[in-house]
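Residue numbers start from 1 in every chain, and the chains themselves are labelled A, B, ... in the order their sequence lines are given, proteins ahead of strands.
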Amino acid sequence: MLTRVYEVLYAAYGAQHWWPARDGFEMTLGAILTQNTRWENVEKAIANMRSAGVTDAAALLTLDEAELQRLIRPAGFFRQKSRYLRCFAAHIVANYSGDVTRLLAGELLAARAELLSLPGIGPETADSMLLYGGGQAIFVIDAYTRRICARLGLTPPDADYATLQALFSAALPADAKLFNEYHALLVRHAKEFCTSRAPRCAAGCPLAQKIVACPGCFC
DNA sequence: CTCCGGGTAG
DNA sequence: CTACCCGGAG
């Protein structure tokens, strides 16, 4: 079922070129800034950071709290996100000489646990960093994934993170390139057809057209 | 104008 | 369950 969903989405939308970031540091910046916010707003904040010359963890730590908040303001939740960013950057500088890639490319489960121990980094943010920043084969679950799975009848609307992740892990080969592309396609599809309000099921939704109900089947 | 989507922490 | 924020939808 999930393999078929991938095939249909890929045929409909093609390759998505994710994650939109210049390097590992900028990727992790986006992962934290995009929590509960639309990507367009995150881009404004990242552009501000670039303009300010903040291109690595050490540079981020030279900003004072107020200045950092001003730069990331367009992404919302700027007070708590400024704290999260500073804690994350401090951890990277203290333990990895400021090189985020060294953490993200480390042994998967250990790196994931370490990320989760940091304030402001929950499962989705950690997994996004590991997949998109570290090239690791771990499937990212987000609200779009949850909504699409629920509407396909695969999971309850309130299925938790681990349940959804286990579903994808069991159905697919552990391949970072595939996981990367699949998640990007789900996001694309959620924005184009499977919107939260007024979904366009009858207006050419590729899944509505091609996926037959197959409850309980994870082929 | 109000309402809502969207991760994490407490 | 609520706080935290913005911008787009209705």
**Study point:** Nearest-angstrom distance from the residue atom CD of E40(A) to C1' of dC5(C)
**Key:** 15 Å
Review point. Whole Å only: how far is the CD1 atom of I148(A) from the P atom of dG5(B)?
Key: 15 Å
Review point. R197(A) CZ to dG5(B) C1': how many Å, rounded?
Key: 7 Å
**Study point:** Nearest-Å distance for atom pair NZ/P, residues K81(A) and dC5(C)
**Key:** 9 Å
Review point. When the distance from CD1 of I32(A) to C1' of dC5(C) is rounded to whole Å, what number comes out?
Key: 16 Å
Check your understanding: Do C194(A) and H189(A) come within less than 4.5 Å of each other through their side chains, counting heavy atoms only?
Key -> yes
Study note, to complete from the structure: Here the salt bridge (Lys or Arg N to Asp or Glu O under 4.0 Å) pairs for residues 152-161 of chain A, sequence neighbours left out, are none
Practice item. Could you say whether A198(A) or F78(A) is positioned toward the 5' end of DNA chain C, judged by the nucleotide with the nearest heavy atom to each? Key: F78(A)
Practice item. Verify whether one side chain among T145(A) and D142(A) offers a donor that lies under 3.5 Å from an acceptor in the other. Key: yes
Point to revise | Between CG on residue L109(A) and CD on residue Q136(A), distance to nearest 0.5 Å | key: 9.0 Å
Review point. Using 4.0 Å as the upper bound for N to carboxylate O, is an ion pair formed by E181(A) and K177(A)?
Key: yes
Short heteroatom pairs, N/O only, protein and nucleotides 6-8 of chain B, under 3.5 Å:
residue: dG6(B); atom: OP1; partner: R147(A); partner atom: NH1; Å: 2.9
residue: dG6(B); atom: OP2; partner: R147(A); partner atom: NH1; Å: 3.3
residue: dG6(B); atom: N9; partner: N36(A); partner atom: ND2; Å: 2.7
residue: dG6(B); atom: N7; partner: N36(A); partner atom: ND2; Å: 3.2
residue: dG6(B); atom: N2; partner: N36(A); partner atom: O; Å: 2.5
residue: dG6(B); atom: N3; partner: N36(A); partner atom: O; Å: 2.5
residue: dG6(B); atom: N3; partner: N36(A); partner atom: ND2; Å: 3.3
residue: dG7(B); atom: OP1; partner: E124(A); partner atom: OE2; Å: 3.4
residue: dG7(B); atom: OP2; partner: A143(A); partner atom: N; Å: 3.4
residue: dG7(B); atom: O4'; partner: N36(A); partner atom: OD1; Å: 3.0
residue: dG7(B); atom: N9; partner: N36(A); partner atom: OD1; Å: 2.1
residue: dG7(B); atom: N7; partner: N36(A); partner atom: OD1; Å: 2.5
residue: dG7(B); atom: N7; partner: N36(A); partner atom: ND2; Å: 3.0
residue: dG7(B); atom: O6; partner: N36(A); partner atom: ND2; Å: 3.2
residue: dG7(B); atom: N2; partner: Q80(A); partner atom: NE2; Å: 2.9
residue: dG7(B); atom: N3; partner: N36(A); partner atom: OD1; Å: 2.8
residue: dT8(B); atom: OP1; partner: G122(A); partner atom: N; Å: 3.0
residue: dT8(B); atom: OP1; partner: G122(A); partner atom: O; Å: 3.2
residue: dT8(B); atom: OP1; partner: T125(A); partner atom: N; Å: 2.8
residue: dT8(B); atom: OP1; partner: T125(A); partner atom: OG1; Å: 2.5
residue: dT8(B); atom: OP2; partner: E124(A); partner atom: N; Å: 3.4

Practice item. Describe, in one word, how the ring planes of F179(A) and F139(A) are oriented to each other, choosing from parallel (under 30°), tilted (30 to 60°) and perpendicular (over 60°). Key: perpendicular
Practice item. Measure the distance from CZ on R79(A) to C1' on dA3(C) and round it to the nearest whole Å. Key: 11 Å
